[in-house]
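Have a look at the structure below before the remarks.
Scope of the values below: all heavy atoms of this structure, side chains included, with no hydrogens, waters or symmetry mates. Ligands are counted one by one from 1 in listed order, and the atoms in each one are counted from 1 as well.
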Amino acid sequence: MDRGAGIDVTRLPTHVACVMDGNGRWAQARGLPRTEGHTAGEEALIDTVEGAAEIGLQWLTVYAFSTENWRRPPSEVRFLMGFNESLLVRRSHELHEQNVRIRFVGRPDARIPRRVRARIDEAVELTAANTGLTFTVAFNYGGRAEIVDAAAGLVRSGVPADEVDEAALVKHLYDAEMPEVDLMIRTSGENRLSNFLLWQMAYSELVFTDTLWPDFRRRDLFDAICIYQARDRRFGGLNR
Ligand code: IPE
Ligand code: IPE
Ligand code: MG
């Protein structure tokens, strides 16, 4: 087993976020339907989650379905809904055994089939008391939608305008406990955020890799953490 050689485990990022991209291209390169790429992405996901837990990472968030992904053909959307459901059914118990706490962030939406919502609730409930890695799935997630929903929550709570500050807004994000993202990894050679965790990524280090998501493994996560650890984070100040 790969123990993350090269990583300084005393300086791990608290929160790593991953845009799992390139499934369709992975499949197309093999003459397969795009959906086969999503299926192949499951092994990448499980290996990455296990690798994160193995090195003692506290928070890992993955982008599974964006608020813009409804623009895809209905057949692919339907596949992704069913795939995420079956993944939860097949994998949540083994993640539970590894002390992983599963959470979801995203906008509730009537287009998400009821049975998918039920599996999400079950997985979250099953693992709620776990104390290891917090593994968050961004599902029907959009960074702008999250900020808009938080603003609406603030207004609804009746906070006076002169008491609105960053801390007040954070309380209304989908998961108020989610720490800011230290490291964002995007696969497949695309160098963009695609509306992922906009609030939480204000000062993230970004690592882009050409590897397509189905080929991604824990070693790639560890390599990205090594790159992160060589970066100089200044947060607008000066490091001397
Ligand atoms: C990422 O792979 C998975 C989702 C967006 C759900 P894509 O399906 O975007 O694959 P490419 O980018 O078309 O290759
Ligand atoms: C981002 O990937 C969303 C997910 C990985 C779920 P996309 O493939 O949807 O992003 P764009 O369209 O290339 O920006
Ligand atoms: Mg894509």
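When non-hydrogen atoms are compared, ligand 2 lies under 4.0 Å from the side chain of Arg186 (C-beta onward) but not from its backbone.
Ring orientation note: the planes of Phe235 and Tyr203 are tilted relative to one another, at an angle of 30° to 60°. Below 30°, between 30° and 60°, or above 60°: for Phe216 and Trp213 the angle between ring planes is below 30°, a parallel geometry. Note on ring orientation: taking the six-membered ring where Trp is involved, the planes of Phe196 and Tyr141 are perpendicular (angle over 60°, cut-offs 30° and 60°).
Both Val19 and Leu193 sit in one connected hydrophobic cluster of ILVMFWY residues. Membership requires side-chain heavy atoms under 4.5 Å apart, directly or through other members. Follow the hydrophobic side-chain contacts under 4.5 Å out from Val16 and you never reach Leu197; the two are in separate clusters. A single hydrophobic cluster is seen to contain both Met178 and Ile147, as judged by linkage of ILVMFWY side chains at heavy-atom distances under 4.5 Å, directly or through other members.
Few gaps surround CD on Glu122; more than 12 heavy atoms of other groups in view lie less than 6.0 Å from it.
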Pairwise, report which nitrogen or oxygen atoms of ligand 1 are under 3.5 angstrom from protein nitrogen or oxygen atoms, and how far apart they are.
from	atom 1	to	atom 2	distance (Å)
ligand 1	2 (O)	Gly22	N	3.4
ligand 1	2 (O)	Asn23	N	3.2
ligand 1	8 (O)	Arg34	NH2	2.8
ligand 1	8 (O)	Arg72	NH1	2.7
ligand 1	9 (O)	Asp21	OD1	2.9
ligand 1	9 (O)	Arg72	NH2	2.9
ligand 1	10 (O)	Asn23	N	3.1
ligand 1	10 (O)	Gly24	N	2.9
ligand 1	12 (O)	Asp21	OD1	2.8
ligand 1	12 (O)	Arg25	NH2	2.8
ligand 1	13 (O)	Arg34	NH1	2.9
ligand 1	13 (O)	Arg34	NH2	3.1
ligand 1	14 (O)	Gly24	N	3.3
ligand 1	14 (O)	Arg25	N	2.7
ligand 1	14 (O)	Arg25	NE	2.8

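The CZ atom of Arg107 lies 4.0 Å from the CG atom of Asp149; values are rounded to the nearest 0.5 Å. Atom-to-atom distance recorded for Arg119:CZ and Leu87:CG is 13.5 Å, nearest 0.5 angstrom.
Taking a cut-off of 2.8 Å, the protein N, O or S atoms nearer than that to the Mg ion (ligand 3) are Asp21 OD1.
A distance below 6.0 Å separates the ring centres of Trp70 and Phe65.
Close approach of ligand 2 to Arg192 (heavy-atom distance below 4.0 Å) involves ligand atoms 11 (P), 13 (O), 14 (O).
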